[in-house]
2 protein chains.
Amino acid sequence: MDAQPGRSVTSKVLALLDAFTPASPALTLSELARRAELPLPTASRRVAELVAWGALERGDDGRYRIGLRLWEVGSLAPRGLGLRELALPTLEDLYEVTHENVQLAVRQDVELVFIERIAGRHAVPVLTRVGGRFALHATGVGLVLLAYAPAEVQEQVLAAPLERYTPLTITDPGRLRRGLAEVRRTGYAISDRQVTMDALSVAAPIYGPEGAVVAAISLVVAQHRADPVALAPLVQAAGRTISRSLGTSYGSRRSAG
Amino acid sequence: MDAQPGRSVTSKVLALLDAFTPASPALTLSELARRAELPLPTASRRVAELVAWGALERGDDGRYRIGLRLWEVGSLAPRGLGLRELALPTLEDLYEVTHENVQLAVRQDVELVFIERIAGRHAVPVLTRVGGRFALHATGVGLVLLAYAPAEVQEQVLAAPLERYTPLTITDPGRLRRGLAEVRRTGYAISDRQVTMDALSVAAPIYGPEGAVVAAISLVVAQHRADPVALAPLVQAAGRTISRSLGTSYGSRRSAG
DNA sequence: CACGGCCTTTCACTGAGTGAAATAGACGCT
DNA sequence: AGCGTCTATTTCACTCAGTGAAAGGCCGTG
């Protein structure tokens, strides 16, 4: 090796998995090698082992995809399907009442990950994808997760440039900081056309058994429909219901590093 | 090492992931080491790397769980959430019409894996779990997936002892073989109290773009309700609808090894 | 049939990973 | 406090798993 003498084998294996993204779920061996910054023979060897185990699958087109075995193991993540399954009945209730998009998300470092989405066919189309990531400073769920995040996470987000998605996106750290205080005061967050000009969202926190915010739930509605403040109690109630069900069966965990 | 001088590092990492099962989603380091058949220091080292990447998370109780990052990567599996998302609208339609449990499953080797389940609160409780595995010879989805599996998979299942779940479970290879032929002839499968005495299921195949069966859909109803044969066309129609949506966007893949 | 793209295998070398033992915590008991 | 137990991490010298370079398949294609 030249630039990196002595990267651990484990990190190479994980780098290969990292190469797969929602934008590129199928890759050839050479693409994999390039993205993982590995020489081709090494990539070939590691990939062969991953395929043998079922972490990757090789399609008829010769490209590699994430394998079902890995999906299976991943589904054991308590903040993944575990949280999803506990929250699902409540998400469905909220959908039944409103017939709008319902989203469930958790924070991972300085981003959020969408765990579940219930999207009525008549509701506003949203850009998100289950399993996908997004910045914390624009969406309703993001604002909630950020507002209740540890101080060092907030500072990290506030210190970095805040990407602008629409003219209404908050990109000023000071304004964002005041917005977060407001979220903590009211117990809900409203993102009004800060992600797309078509939609606004109302989000509320979900608490784990230890009292920390572990997830957020939101309702995404078309920009012209309904008063978001009027919807907040509904979303908050759903958040509380889920919090309660977590209290009984959801295992404890540390906030994501 | 004693028994296995020279297991590859990759296989050790994967063995650690393998240690997590639906029955044991949280493990201490020593439990992990024992299940993966690794000496404790080695397990400690590999686990530390997995935690750093996000494949595992350490809870407040000191036990390790599957991390969100792994769930995220796993959600990219085309036969996992990918298939799920394409099928979901149709599954919901089927649920709206019947208000019974709807299940979606794919075959992985000689077992099936449940990808999604829509369970009305008033429907029969089922034993399965999204992300969970089950044998192929008893459930409706299993019979469909087995009936259309490659010959070598069928022979492998028929050669092994068929586990009995209820007095009605088919455990005779000859009878199972005739049952599979019947499934192929009619295009649907009925499992009548072969998993539990409370429920029966009606299942139909889902075809990929190449014409191979890639998944199966089923309706699980209480044993005393409705004629299963009468439900078959409904389930088959849903299967065809999903097959059609796969035709357009579902990437090609080989059958699981 | 020579060429080029793409992947796998061979071979000798070497440093990442190893086991054994020492060390460091965490907790309970007296 | 002092000791025992259980569990996890670190140290250290050794060695085998993983490595790069090059050669070898295996296609399609001109």
Side-chain angles (χ1 to χ4, degrees), chain A residues 1-20 24-67 210 251-254 257, chain B residues 1-20 24-67 210 251-254 257:
Chain A
M1 202 158 288
D2 207 17
Q4 308 217 24
R7 192 143 61 116
S8 81
V9 176
T10 308
S11 80
K12 292 175 194 174
V13 169
L14 296 173
L16 285 169
L17 297 183
D18 252 334
F20 292 91
S24 60
L27 298 166
T28 65
L29 183 60
S30 35
E31 286 169 336
L32 264 169
R34 186 162 34 76
R35 283 164 183 258
E37 295 177 28
L38 292 174
L40 216 146
T42 296
S44 171
R45 286 184 270 243
R46 298 298 128 248
V47 164
E49 287 190 277
L50 288 169
V51 169
W53 185 78
L56 300 181
E57 287 176 359
R58 184 170 204 170
D60 291 330
D61 56 0
R63 294 197 295 173
Y64 294 94
R65 291 173 178 78
I66 297 293
E210 294 91 359
S252 64
R253 76 207 42 74
R254 270 144 58 95
Chain B
M1 201 156 289
D2 207 16
Q4 309 216 24
R7 198 148 50 121
S8 80
V9 176
T10 308
S11 80
K12 292 174 194 174
V13 170
L14 296 175
L16 285 169
L17 298 183
D18 251 334
F20 292 90
S24 59
L27 298 166
T28 66
L29 183 59
S30 37
E31 285 169 336
L32 265 169
R34 187 163 32 77
R35 282 164 185 261
E37 296 178 26
L38 291 174
L40 215 144
T42 297
S44 172
R45 287 183 270 242
R46 296 301 126 247
V47 165
E49 286 190 277
L50 288 168
V51 169
W53 186 78
L56 300 181
E57 286 174 0
R58 185 170 202 169
D60 292 328
D61 57 359
R63 295 197 294 173
Y64 294 94
R65 292 174 178 74
I66 297 294
E210 294 91 0
S252 64
R253 76 210 41 76
R254 274 144 56 94

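Being a predicted model, the structure only gives us computed values, none of them experimental.
Here the P atom of nucleotide C/dC27 and the CG atom of B/D61 are 12 Å apart, to the nearest Å. One can place CG of B/L32 at 9 Å from P of D/dA8, the figure rounded to the nearest angstrom. Rounding to whole angstrom units, CG of residue B/L38 and P of C/dA20 are separated by 14 Å. We find that CD of A/E37 is positioned 18 Å from C1' of D/dT19, with the value rounded to whole Å. Atom CG of A/L40 is separated from atom C1' of D/dG18 by 16 Å (rounded to the nearest Å). Residue B/R58 contributes atom CZ, which lies 13 Å from atom P of D/dT7 at whole-angstrom precision. Computed from coordinates, the A/L29 CG to C/dT8 C1' distance equals 9 Å when rounded to whole Å. Rounded to whole Å, the distance from CZ on B/R7 to C1' on C/dA16 is 17 Å.
Comparing A/V9 and A/P41, the nucleotide of DNA chain D nearest to each residue sits closer to the 5' end for A/V9. Remark on DNA chain C: of its neighbouring residues A/G62 and A/T10, the 5'-side contact belongs to A/G62, judged by nearest-heavy-atom nucleotide.
Of all non-hydrogen atoms in B/A19 and B/L27, the two that sit nearest each other are O-CD1, 3.5 Å. Closest of all the heavy-atom pairs between A/R65 and A/F20 is CA-CE2, 3.9 Å.
Heavy-atom distances under 4.0 Å link DNA chain D to A/R45, A/R46 of residues 44-53 of chain A, given in residue order.
Pairs of residues two or more places apart, or lying in two chains, that qualify as salt bridge (Lys or Arg N to Asp or Glu O under 4.0 Å) and include a residue from residues 38-54 of chain B are B/R46-B/E49.
At least one side-chain nitrogen or oxygen of B/K12 sits closer than 4.0 Å to the OP1 or OP2 atom of C/dT18.
Across its full length, the helix from C/dC1-D/dG30 to C/dT30-D/dA1 shows an angle of 30° between the axes of its 5 terminal pairs at either end, rounded to 10 degrees.
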